[in-house]
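A short write-up of the structure that comes next.
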There are 2 protein chains.
Amino acid sequence: MLTAVIDLVAEKGYHGVSTKEIAAAAGVNEVTLFRHFGSKQNLLESAFHHFHYAEEMKKLFREKLVGELYDDLLLISRTYHSIMYRNRKMLQIALKESGIFSEFREKANKHPQQLKGMLAEYFNTMYEKGKLIETDTELQALSFMWMNYGAFISNLHSDGASFPSVTMDAFIEQSARTFTRALTP
Amino acid sequence: MLTAVIDLVAEKGYHGVSTKEIAAAAGVNEVTLFRHFGSKQNLLESAFHHFHYAEEMKKLFREKLVGELYDDLLLISRTYHSIMYRNRKMLQIALKESGIFSEFREKANKHPQQLKGMLAEYFNTMYEKGKLIETDTELQALSFMWMNYGAFISNLHSDGASFPSVTMDAFIEQSARTFTRALTP
DNA sequence: CATGCATGCATGTACTCACTTGCATTAAGG
DNA sequence: CCTTAATGCAAGTGAGTACATGCATGCATG
């Protein structure tokens with residue numbers, strides 16, 4: 001039921017899908033859905049809270065970085081896209097229903113804010129090691145994040161049909177090279 | 001009526017707003033809305049077709065660029081964000097209802113594809129002038145576009161409350177500097 | 001075997017939705 | 001002045017919505 005409501009709401013929107021549809025997609029009767037969750041809104045919120053997307057990134061910044069700009073940016077970018085893709089349905093819902101459930105928007109905002117913070121801090125330590133030019137690390141972190149965010153959103157719709165000639169992996173490598181060349185002293 | 005339906009659908013989604021609400025917001029009776037457009041869907045499509053967002057960019061690439069990477073990227077970026085902001089309601093609708101009206105998604109996809117093409121071509125001529133390193137210009141164009149796209153989408157929701165410390169203008173200048181340093185021989 | 005619990009099914013309720021119809025009012029143009 | 005067209009208002013249509021209720025069925029545990 002939880003995966004059914006996530007799938008359907010991500011595709012058609014909260015008001016675009018009925019409880020009957022959700023129950024049918026989950027293979028249960030509509031009434032058991034209400035016996036479990038009480039209301040349609042509660043069902044969606046329950047499903048939304050059963051997911052998470054943050055811990056893996058924190059661990060990466062704590063343990064996996066090697067101090068080489070290109071390698072680290074590549075790893076961060078790859079991890080970012082794999083996490084975002086795994087949670088793409090959730091993010092689609094947060095995008096579509098942010099005007100209706102402000103709760104979703106807040107949760108979806110925390111993640112990039114944390115990532116920006118960790119990335120800026122990483123840039124700061126790299127600067128202290130003499131491996132980064134003097135620059136506004138917060139802005140550079142945001143730029144790198146937004147570049148990957150834009151790529152992700154763009155590939156979310158129509159399953160990559162918008163730019164068929166370009167593979168995501170080639171973009172990730174190229175963009176890591178670009179930022180490395182721009183930020184290396 | 002056209003602006004009313006755009007505003008409301010952008011905020012609450014197509015199924016989240018009723019024809020009665022739209023008519024009330026437009027200051028007319030619900031029935032005159034049906035006499036003009038016949039159906040709710042036709043009303044939204046009519047409103048959507050009364051807008052455009054492409055010509056200004058084409059003109060910029062034809063006439064305004066000076067051949068200096070930083071100045072040109074800055075101008076492109078600023079123009080991009082002003083166009084996107086002016087049409088943000090339309091883009092929100094295309095984002096939210098892409099699963100329902102495939103027509104909207106197609107129209108919203110044409111614009112970035114054209115922009116990518118023009119930007120890649122600009123990079124090519126800059127390379128021939130010896131003002132750009134040897135690189136995959138298509139990928140670089142995509143990266144620059146996606147960076148600005150991600151920034152735009154991020155500021156679309158909650159009216160900039162997600163990253164209050166950073167102004168859009170500072171980001172634009174910094175990102176243009178970053179790409180200039182990365183791509184200058 | 002008996003009890004309890006989860007589920008399916010049919011039906012019902014109160015409401016909203018997109019959309020229609022008939023009629024009265026207004027205002028502009030020949 | 002009279003016609004025509006656009007609009008408002010009241011009422012209604014049929015479908016679909018979230019959600020509730022009563023009852024029968026199965027299934028596991030005591």
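Chain identifiers are assigned alphabetically (A, B, ...) following the order of the sequence lines, protein sequences preceding nucleic acid strands; residue numbering begins at 1 within each chain. Values reported hereafter were calculated over all heavy atoms of this structure, with side chains retained and with hydrogens, waters and symmetry mates removed.
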| query | Would you call B:E56-B:R86 a salt bridge at under 4.0 Å N-O? | reply | yes

| Is the shortest distance from a Lys or Arg side-chain nitrogen in A:E68 or A:K131 to a carboxylate oxygen in the other one below 4.0 Å? | yes

Mind calculating the distance between [atom1] ([X]) and [atom2] ([N]) to the nearest angstrom?
X	N	atom1	atom2	result
B:K20	C:dT16	NZ	P	8 Å
B:F34	D:dG8	CZ	C1'	15 Å
A:E30	C:dT13	CD	P	17 Å
A:M1	C:dG8	CE	C1'	13 Å

| query | Nearest to the side chain of A:V31 - D:dT7, C:dC19, C:dA10? | reply | C:dA10

| Between B:Y149 and A:W146, is the ring centre distance below 6.0 Å? | no

| query | When you measure from the centre of the six-membered ring of A:Y14, is the NZ or CZ of A:K40 under 6.0 Å away and within 45° of the axis? | reply | yes

| task | Establish, with yes or no, whether the OP1 or OP2 oxygen of C:dT7 is under 4.0 angstrom from a side-chain nitrogen or oxygen of A:N29. | result | no

| Can you tell me if the side-chain N/O atoms of A:H15 get under 4.0 Å from OP1 or OP2 in D:dA18? | no

| said: Over all strands shown, is A:V28 touching base, sugar-phosphate only, or nothing at heavy-atom distances under 4.0 angstrom? | reply: sugar-phosphate

| Start at the 5' end of DNA chain C and walk down; is the nucleotide closest to B:S18 or to A:G27 reached first? | A:G27

| task | Could you pick out which residue, B:R35 or B:K40, lies toward the 5' side of DNA chain C when each is mapped onto its nearest nucleotide? | result | B:K40

